[in-house]
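This report refers to the structure that appears directly beneath it.
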Amino acid sequence: MELSKSYEAADSESKWYAQWLEHKLFSSQPDDREPFTIVIPPPNVTGELHVGHVLNNTIQDIFIRKARMQGKNACWVPGTDHASIATEARVTAHLKSLGIEKADLSREEFLAHAFAWKEKYGGIILSQLKMMGASCDWDRVNFTMDEHYYKGVIKSFVELYDKGYIYRGTKLINWDPQALTALSDEEVYFKEVNSKLYYVNYLLKDNQNEFLTVATTRPETIFGDTALCVNPEDERYKHLIGKSAYVPIINRQIPIISDDYIEIGFGTGVLKVTPAHDKNDYALGEKHKLRSINILNPNGTLNSEGKHYSGKDRFIVRKEIAKELESLGMLNKTEDIQNSNGYSERTHVVVEQRLSPQWFCDMKKMAGPALEAVDNGSIRLHPAKFANTYRHWMENIRDWCISRQLTWGQQIPAWYLADGQIVVAETAEVALEKAKRLNNNSTISIDDLRRDPDVLDTWFSSWLWPIEVFEGISNPGNADINYYYPTQVLVTAPEIIFFWVARMIMSGYEFLQEKPFEDVYFTGIVRDELGRKYSKSLGNSPDILKLMEKYGADSLRFGILIAAPAGSDTLFKESLCDQGRHFINKIWNALKLIKMWEDGGKIAETGDSAQVEPIRWFENTFQKKLEEIERFYADFNLSEVLTNIYSLIWDDFCGSYLEMIKPYNEDKIAVSTYQATIRFFEELLKLLHPFMPFITEEIWHQLKDRAEIDFCTIAHYPVYSGYDEPYLRESEKITDLIAKVRTMRNEGGISPKVPFKLYIQAENSQPYRDWEKQIRQLINITEVEYNGYNEGNFRRLIIKGDEVIIPFEEEIDVESEIRTLNEELEYTRGFLESVNKKLSNERFVQNAKSEILEKERQKKSDAEEKIKAIEDSLKRLN
RNA sequence: GGGUUGUUAGCUCAGUUGGUUUAGAGCACUGCCUCGACAAGGCAGGGGUCAUCAGUUCGAAUCUGAUACGACCCACCA
């Protein structure tokens with residue numbers, strides 16, 4: 001069959017993916033083999049593939065594919081996350097566009113709409129993962145709102161409640177005024193912003209002509225002020241402690257208290273205390289038994305405490321109240337300052353502190369074993385530096401606010417009785433039984449129980465992911481969880497180390513008394529070529545689908561992996577995909593060359609001993625590189641793995657080996673050489689397969705006829721078996737000779753087409769004799785003569801300690817010849833001197849390891865030989 | 001404020017416990033080459049006082065300290 005001129009990625013990719021699925025190559029069931037399990041970090045069900053997903057999922061695919069080829073039972077579990085805030089917002093907006101208000105719907109109706117929406121639009125990302133070549137077990141797709149998953153989350157809640165870890169309490173929490181829900185500390189991010197510092201005057205009760213000036217960034221919160229506070233040591237204000245002042249506008253009388261929390265030098269040294277809207281103020285309020293006045297509605301507008309500002313948004317009030325204060329003469333001045341504000345991770349609006357009753361989970365007990373696991377290396381983080389970050393967070397862990405005022409999510413399994421009693425149970429029926437027992441009253445009916453309307457934080461379901469995808473909580477002790485858990489590698493972004501990774505470790509030990517995974521590989525952040533994060537607002541995100549269409553999934557995978565150094569960010573640009581495409585083209589052309597031999601009858605039945613050396617050389621080179629590649633894999637350094645495979649294929653196989661064995665003119669290639677070449681090609685395809693699954697599968701099949709189930713995807717991965725280092729060093733003489741002759745031709749302007757004769761002066765000429773055929777072929781040599789010294793003004797090259805003489809028909813420039821040799825002589829002498837300096841240093845000879853000493857001696861004798869050869873050459877020239 | 005981390009060629013990065021040459025790769029750049037796999041290519045070449053200073057050592061890109069600039073994380077700011 002005629003090969004096409006170039007590789008057609010689109011056809012090949014859809015063809016092979018379909019075949020892989022048809023033959024169930026990605027499916028996994030427990031068996032006798034060693035399991036190798038990865039659970040995907042579940043993308044939001046609303047999500048679409050972006051460049052970060054490509055990096056993350058390609059890495060997982062590489063690990064999974066390699067493990068599969070190494071004979072392990074590879075299982076990659078895919079799925080999506082219900083992402084309660086994001087999805088609820090999307091569904092609500094969608095309904096609105098249809099003229100339906102969420103407020104008009106019952107809980108059940110809304111959920112029905114949400115599930116319908118999810119069925120229709122959700123999970124696009126999973127089909128996009130397939131386009132990327134991800135070898136997930138698609139029979140195991142999980143969703144965090146699946147029936148078993150929902151049940152597992154509820155069960156875990158009840159279990160933790162019964163243990164006393166989960167409790168209900170009224171605390172100051174982070175409030176998202178747009179999503180109208182509580183948030184955990186992790187869902188708030190801080191950003192430096194330009195803002196104004198307002199200096200507001202508070203009149204003193206005792207002397208209505210005097211005032212205290214308070215510097216605040218939030219003048220709209222004065223309605224919630226319940227004290228002023230100064231440092232007890234502050235000489236300016238000492239006499240006022242215990243007195244009172246009036247809040248401007250509303251003229252409420254508030255006490256002036258003291259606390260050493262106040263920094264004398266900061267602002268005016270006077271703090272207005274607003275316990276309902278600030279964490280530190282809240283603490284002060286508790287300590288000094290102050291009133292707490294909530295001035296905000298849930299949506300961020302002021303409530304009736306805000307008097308004539310009631311109903312207006314906090315930011316509008318801030319501007320208006322400044323004007324009013326100014327008109328009243330109570331605004332001393334304003335200053336521009338930089339301060340940091342907390343924003344909602346989901347809606348990106350400024351978060352408010354709000355006092356409200358919520359559900360919390362006490363994490364302190366769970367943190368113990370989780371911290372221990374990372375400290376003692378039972379779980380390894382890559383790069384290891386993240387262990388410090390992890391430890392710091394774990395040691396300072398705070399209670400987790402797990403309730404959300406939303407509908408889309410697992411509803412909290414808590415029921416309230418009329419008197420405020422709380423019953424927590426997996427179902428209403430069990431809750432009723434518990435309520436009856438609790439009150440010793442069998443007349444309580446289901447109607448007396450009111451279920452908490454709130455749902456759980458999405459992360460309260462995600463933290464069970466490695467367990468519940470195998471139904472380890474809803475159906476404990478089943479065959480899957482016993483076989484696949486703990487999983488092997490987790491590949492994720494460092495941003496969610498606290499959100500997710502740390503919590504999975506805690507839940508693993510809490511629910512299964514076992515770690516969830518052995519290694520955690522943190523990818524870097526993918527940035528554009530200017531080092532900026534990809535973001536919607538910058539509009540710099542590449543369209544992944546277009547890139548795949550243009551370059552193919554393999555090239556995209558190549559592009560993103562080659563630029564992803566271990567432990568730091570990835571700078572991505574489209575030209576990297578181009579490099580991937582060039583690479584594919586190179587491999588394709590190697591295939592074409594080999595096919596040409598077959599089709600052109602270039603294969604000879606008889607053996608050819610002249611091709612023994614290239615085969616031996618490549619075998620050793622391959623093994624040497626394989627050793628390095630395995631080392632980089634062990635270090636999770638995938639870009640270096642790929643770089644090495646790339647150069648092994650491009651430089652060593654195509655650039656050197658194929659050129660060495662390529663039949664010229666009427667020559668033929670021995671069938672043994674041909675078979676060795678096919679074998680090498682196969683080994684290379686296997687090495688590359690985890691990175692570029694499609695092109696390798698395509699060539700795997702083009703290379704020879706195969707049985708129906710013979711796929712590169714399940715071929716046996718190459719095994720390192722050692723190599724002959726002295727042999728490889730010896731053959732450097734040949735590559736050195738070839739390169740030097742080419743350089744000489746280049747510099748002398750002598751065309752590669754001009755053939756010439758070679759004289760080689762060498763103590764041991766055997767290596768040159770073994771490679772003579774290749775030498776003649778690669779640098780166009782008509783004849784090689786050994787140790788037959790030739791008089792005359794000829795070019796001389798020094799190969800290690802050997803001398804190579806090239807006679808030309810034309811005159812050569814003796815002067816430049818001498819100059820070149822002198823330069824080399826000078827360099828080598830300098831080098832020898834540095835070696836001698838070391839060797840004549842007694843302390844070096846005494847202290848250095850014997851192998852290093854040996855190396856230095858080898859360097860010395862090499863350099864001396866070389867100097868002698870150069871000097872001989874110079875003598876003959878003079 | 002606490003912590004982590006970085007600074008090596010024009011760009012992106014390697015450089016293993018200090019000693020494989022007087023520091024490497026890819027991309028970019030320069031020259032030559034359409035020669036029967038491949039111009040999406042081949043062959044060759046130029047380019048770095050390893051951020052700065054001091055120290056340890058027989059020996060430092062590598063270890064220590066300081067300085068400069070940068071990145072990130074946590075806490076937090078009236």
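- Residue contacts for A/Y664: at a heavy-atom cut-off of 4.0 Å it reaches no nucleic acid atom on any strand shown.
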Would you tabulate the side-chain donor-acceptor contacts of residues 259-266 of chain A under 3.5 Å, counting partners in other chains and residues two or more places apart, or write 'none'?
| unit_1 | atom_1 | unit_2 | atom_2 | d |
| --- | --- | --- | --- | --- |
| A/D259 | OD1 | A/Y261 | N | 2.8 |
| A/D259 | OD2 | A/K287 | NZ | 2.9 |
| A/D259 | OD2 | A/H288 | NE2 | 2.8 |
| A/Y261 | OH | A/N280 | ND2 | 3.3 |

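- The nucleotide whose nearest atom lies closest to any side-chain atom of A/T643 is, among B/A25, B/C76, B/A78, B/A25.
- Side-chain atoms of A/K592 and A/N589 include a donor-acceptor pair closer than 3.5 Å.
- Considering only the side chain of A/F498, B/C73 comes nearest among B/C73, B/G45, B/C76.
- Dashed line: the shortest gap from a side-chain N or O of A/Y189 to OP1 or OP2 of B/C72 is not under 4.0 Å.
- Between A/R742 and B/G45 there is no side-chain N or O to OP1 or OP2 distance below 4.0 Å.
- Taking the six-membered ring for Trp, A/F558 and A/Y646 have ring centres closer than 6.0 Å.
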Worksheet entry | Sugar-phosphate or base contact per nucleotide [nucleotides 4-16 of chain B; S, B, -; heavy atom under 4.0 Å] | S-------SSS-B
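- Using the six-membered ring where Trp is involved, A/F653 and A/F681 have ring planes that are tilted, between 30° and 60° apart.
- Comparing A/H392 and A/I264 along RNA chain B, the residue whose closest nucleotide (by nearest heavy atom) sits nearer the 5' end is A/H392.
- Checking side-chain atoms of A/R527 against main-chain N and O of A/T570 turns up no donor-acceptor pair under 3.5 Å.
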Item to complete: Do nucleotides 32-42 of chain B as a string where each nucleotide becomes B, S or -: B if the base has a protein heavy atom under 4.0 Å, S if just the sugar-phosphate does, - if no protein is that close.
Response: --S--BB-BSS
